[in-house]
Amino acid sequence: MYIDQLIPFFKAGMNKEDAIEMEKYMRNKFPFLGIRAPERKNIMRRFYQESAIIKEPFQADFVASLWMQPEREYQYAAVDYIERSLKKLEKEHLLLMEKIITTKSWWDTVDLLAQKAVGKIAKDNAEVIHETIEGWASSDNIWLQRTAILFQLKYKENTDEELLYCYINLHKNSNEFFIQKAIGWALREYSKSNPTSVKRFIEGNELAKLSVREGSKYLD
């Protein structure tokens, strides 16, 4: 029902010229409707106002339905809805997050899901780290690897330092750009809370140049 309410809003906002530019920016990995971020956010606000979805329990079927749509704006809509529904996320929703992280995967959706949805679920249910995220860290899927490295991104002083460094060490020799970048990003964010520890870790480990450059940005 909710997706049937949203689709007409998106269809009305289509722009073929913008779609071509957006597809090119995303390396032609996904088709686009051509709805730029400000307009998409306006559409979502109207949708939330005219539907009752925000007042309902978390709608996993709505997210799954959006993820099945071909155009990328629908995945962005799903991520937007998830962000607005973080307080409603429960342990059982981690399976849905895994599914959408590993489907139509790219940094534009994975990074937000990692640090917000997965980060929130793991903070509320620490057992999922051992039960699930540990498996992601050692999986063959780079997007699950990246999520395991990034899910503590906003934990600040509550970061499990030992866990962060463990996951980084699993992949410090990776040649994959998105993993090297994630390592640097995670270290850079944690350095805001514990620069001494991050500096010591960087100096004591052989990391990719990209990871070192990114991770050292806020260090003396």
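Reckoned from all heavy atoms, side chains included, excluding hydrogens, waters and symmetry mates. Fair warning: this is a prediction, and the values are worked out from it, not measured in the lab.
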Over 12 foreign heavy atoms within 6.0 Å of [atom1], [X]:
| X | atom1 | value |
| --- | --- | --- |
| D61 | CG | no |
| E157 | CD | yes |
| K88 | NZ | yes |

Sole candidate of M22, E23, M26 that passes side-chain contact (heavy atoms from CB on, under 4.5 Å) when paired with P31:
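Going through M22, E23, M26 one by one, the side-chain contact (heavy atoms from CB on, under 4.5 Å) with P31 is satisfied by E23 alone.
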Just jot down the salt bridge (charged side-chain N to carboxylate O under 4.0 Å, His left out) partners of [X], sequence neighbours excluded, or say none.
| X | answer |
| --- | --- |
| K104 | none |
| D108 | R72 |
| D160 | none |

Please list all pairs passing the ring pair (Phe, Tyr, Trp, His ring centres under 6.0 Å) test where one or both residues lie in residues 191-220, with sequence neighbours left out.
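Checked against ring pair (Phe, Tyr, Trp, His ring centres under 6.0 Å) - neighbours excluded - the pairs reaching residues 191-220 are Y165-F201.
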Would you say the side chains of S139 and Q145 form a donor-acceptor pair under 3.5 Å?
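No, Q145 and S139 have no side-chain donor paired with an acceptor closer than 3.5 Å.
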For a salt bridge (Lys or Arg N to Asp or Glu O under 4.0 Å) check, start with the C-alpha distance between D111 and R146, then their side-chain angles and the critical distance, and finish with the verdict.
CA-CA 8 Å; D111 291 358; R146 185 172 167 98; 2.8 Å; yes
Using the six-membered ring of W67, assess whether NZ or CZ of K99 lies under 6.0 Å from its centre and within 45 degrees of the ring axis.
no
Kindly give the heavy-atom pair with the smallest separation between H171 and I183, and that separation in Å.
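Heavy-atom minimum between the residues: O-CD1, 3.7 Å.
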For Q5, what residues pass the side chain to side chain contact (heavy atoms under 4.5 Å, CB included) criterion, not counting sequence neighbours?
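Counting only residues at least two positions away or on another chain, Q5 forms a side chain to side chain contact (heavy atoms under 4.5 Å, CB included) with M1, Y2, F47, S51.
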So that I know where these two stand, are F151 and W136 an aromatic pair - ring centroids less than 6.0 Å apart?
no
Residue pairs involving residues 171-183 (criterion salt bridge (charged side-chain N to carboxylate O under 4.0 Å, His left out); sequence neighbours excluded):
K181-E214
Could you check if a side-chain atom of V110 sits within less than 4.5 angstrom of a side-chain atom of L150, using non-hydrogen atoms only?
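Of all side-chain heavy-atom pairs linking L150 with V110, none is under 4.5 Å.
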